[in-house]
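All remarks here apply to the structure that follows.
From a predicted model like this one, the values you see are computed outputs, not experimental measurements.
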Amino acid sequence: MKKNRLLFLLPYLLWIGLFVIAPLVLILGYSLTDAHSHLTLQNFAAFFSGGTFLRMMANSFWYALLITFFCLLVSYPAALALTRLKNQQFWLMLIILPTWINLLLKAYAFIGIFSRSGMVNQFLGLFGIGPVGIMFTDFAFIFVAIYIEIPFMVMPIYNSLKEIDPALLSASSDLGASFWQTFRYVIWPLSWPGVESGIQAIFIPSLSLFMLTRLIGGNRVITLGTAVEEYFLTTMNWNMGATIGVILIALMSIVMLLTSRKQHKKEFEL
């Protein structure tokens with residue numbers, strides 16, 4: 001029996017070893033060496049002593065926070081409304097459908113929409129406004145990132161809301177609670193695991209965005225993701241690029257730990 005278990009585990013262990021552990025060890029090795037393969041901590045010292053890198057890290061957190069906040073602001077009411085609609089599977093399919101389209105195609109579509117001769121400026125032209133420079137702005141970058149990532153926030157929240165026993169909502173109403181009291185003390189706490197999953201699904205990838213920052217944000221949006229791309233593909237300084245990658249992995253791990261803390265049950269008076 002044990003031999004059979006090991007046999008079934010072997011493909012999984014090989015996959016984890018080759019495509020997870022080995023790349024992490026390789027990146028860590030590059031970060032701890034210089035161009036001559038000598039062990040050093042100079043790369044980390046340069047990162048934390050340089051104001052440029054710290055500003056990039058602050059920018060990454062700020063943009064990720066904004067994207068996550070607005071995704072939650074849109075996704076939670078949408079998920080709550082979905083639970084009360086008929087033909088829910090149809091509406092869910094419409095939300096999921098954009099995820100089937102390649103990210104690069106969606107980015108180029110928005111380049112056409114936001115360009116000076118695009119649909120947005122053509123619409124503004126009807127009112128005598130424009131053309132307005134929307135491309136290569138923080139607004140364009142955040143808007144496109146929110147549009148692309150919203151389905152990954154809606155789905156976990158929707159699943160958590162669907163798991164709430166309707167009897168709890170009826171009991172809350174029977175006890176005289178208003179809608180907002182029911183939402184605050186029943187719906188929100190019980191849907192929090194879905195919110196946590198959504199935050200992880202949005203915030204963590206947003207820390208390392210680089211394709212959208214280049215195509216939509218231009219050189220105005222500089223994050224750690226764009227820095228990694230720059231050091232690996234342009235300056236060919238793999239050691240510094242790996243150092244930034246290690247720091248990004250550490251930041252993502254911290255975010256996962258903070259958003260995965262177990263919530264203690266609390267009693268509230270309605």
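Counting only heavy atoms from C-beta outward, the side chains of Phe232 and Trp238 approach each other to under 4.5 Å. Residues Glu230 and Arg214 have side chains in contact (heavy-atom distance under 4.5 Å, counting atoms from C-beta outward). Here the side chains of Leu82 and Ile95 are in contact, with some heavy-atom distance below 4.5 Å. A 4.5 Å side-chain heavy-atom check between Val195 and Trp188 finds at least one atom pair inside the cut-off. Side chains of Ile21 and Ile16 form a contact here, defined as non-hydrogen atoms less than 4.5 Å apart. Between Val132 and Ile129, some side-chain heavy-atom pair lies under the 4.5 Å cut-off. Ile202 places none of its side-chain heavy atoms less than 4.5 Å from the side chain of Ile146.
Counting all heavy atoms, side chain and backbone alike, Ile204 lies closest to Met256 at CD1-CG, 3.0 Å. Heavy atoms only, all atoms of each residue included: Ala177 and Thr182 are closest at CB-OG1, 3.7 Å. Looking at every heavy atom in both residues, Thr223 comes nearest to Ser60 through CB-OG, 3.3 Å. Residue Glu149 comes nearest to Ser206 through the heavy atom pair OE1-OG, 3.0 Å, listed as atom of the first residue, atom of the second, then distance. Of all heavy-atom pairs between Ala22 and Leu18, the closest is CB-O, 3.6 Å. Between Met155 and Ile96, the closest heavy-atom pair is SD-CD1, 3.9 Å.
Identified under the ring-ring contact (aromatic ring centres under 6.0 Å, His included) test for residues 83-113, with sequence neighbours left out: Phe110-Phe114, Phe110-Tyr147. Pairs passing the side-chain hydrogen bond (donor to acceptor under 3.5 Å, both in side chains) check and including a residue from residues 64-84, sequence neighbours excluded, read Tyr76-Ser191. Among pairs with a residue in residues 155-164, those fulfilling side-chain hydrogen bond (donor to acceptor under 3.5 Å, both in side chains) read Gln88-Tyr158, Gln88-Lys162, at least two apart in sequence or across chains. Residue pairs satisfying the side-chain hydrogen bond (donor to acceptor under 3.5 Å, both in side chains) criterion with at least one member in residues 25-35, sequence neighbours excluded, are listed as follows: Thr33-Asn239. Contacts classified as side-chain hydrogen bond (donor to acceptor under 3.5 Å, both in side chains) and involving residues 120-144 (residues at least two apart or in different chains) are given here: Tyr63-Asp138.
Leu224 and Leu24 are members of different hydrophobic clusters when ILVMFWY side chains are connected at heavy-atom separations under 4.5 Å. The hydrophobic clustering, which links ILVMFWY residues whose side-chain heavy atoms are closer than 4.5 Å, places Leu28 and Val25 apart. Residues Leu97 and Val154 share a hydrophobic cluster, clusters being chains of Ile/Leu/Val/Met/Phe/Trp/Tyr side chains in contact below 4.5 Å. Follow the hydrophobic side-chain contacts under 4.5 Å out from Met93 and you never reach Ile101; the two are in separate clusters. The hydrophobic clustering, which links ILVMFWY residues whose side-chain heavy atoms are closer than 4.5 Å, places Met135 and Phe139 together.
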| request: Output, in order, the C-alpha distance, side-chain angles, deciding distance and verdict of ring pair (Phe, Tyr, Trp, His ring centres under 6.0 Å) for Phe127 and Phe123. | output: CA-CA 8 Å; Phe127 303 95; Phe123 177 76; 5.3 Å; yes

| task | Go through the steps for Trp62 and Met57 under the test side chain to side chain contact (heavy atoms under 4.5 Å, CB included), then give the verdict. | result | CA-CA 9 Å; Trp62 175 241; Met57 186 167 65; over 6 Å; no

| task | Mind running side chain to side chain contact (heavy atoms under 4.5 Å, CB included) on Phe141 and Leu209 for me, showing each step along the way? | result | CA-CA 10 Å; Phe141 165 67; Leu209 286 174; 4.0 Å; yes

| Can you list the steps and then say if Ile187 with Ile164 is a side chain to side chain contact (heavy atoms under 4.5 Å, CB included)? | CA-CA 8 Å; Ile187 299 175; Ile164 297 176; 4.3 Å; yes

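Once rounded to the nearest 0.5 Å, the distance linking CD1 of Ile222 with CZ of Phe210 reads 13.5 Å. The CD1 atom of Ile27 sits 12.0 Å away from the CG atom of Leu32 when rounded to the nearest 0.5 Å. Here the CG atom belonging to Leu215 is positioned 6.5 Å from the CG atom belonging to Leu104, to the nearest 0.5 angstrom. For the atom pair Ile249 CD1 and Leu251 CG, the distance stands at 10.0 Å (nearest 0.5 Å). In this structure, CD1 in Ile254 is found 11.5 Å from CE in Met252, a value given to the nearest 0.5 Å. Note that the CD atom of Glu229 and the CD1 atom of Ile244 stand 11.5 Å from one another [nearest 0.5 Å].
Applying side-chain contact (heavy atoms from CB on, under 4.5 Å) to Ile142 and the options Leu212, Ile216, Leu66 leaves one that passes, Leu66.
Note: Phe183 and Phe179 have parallel aromatic rings, judged against thresholds of 30 and 60 degrees for the angle between ring planes. Between Phe19 and Trp15, the angle of the ring planes lies from 30° to 60°, which puts this pair in the tilted group.
Put simply, the side chain of Ser172 never gets that close to the backbone of Leu169: no donor and acceptor are under 3.5 Å apart. A donor-acceptor pair under 3.5 Å is formed between the side chain of Asn237 and the backbone N or O of Met240.
For Thr52, the side chain to side chain contact (heavy atoms under 4.5 Å, CB included) partners are Arg55, Met56, not counting sequence neighbours.
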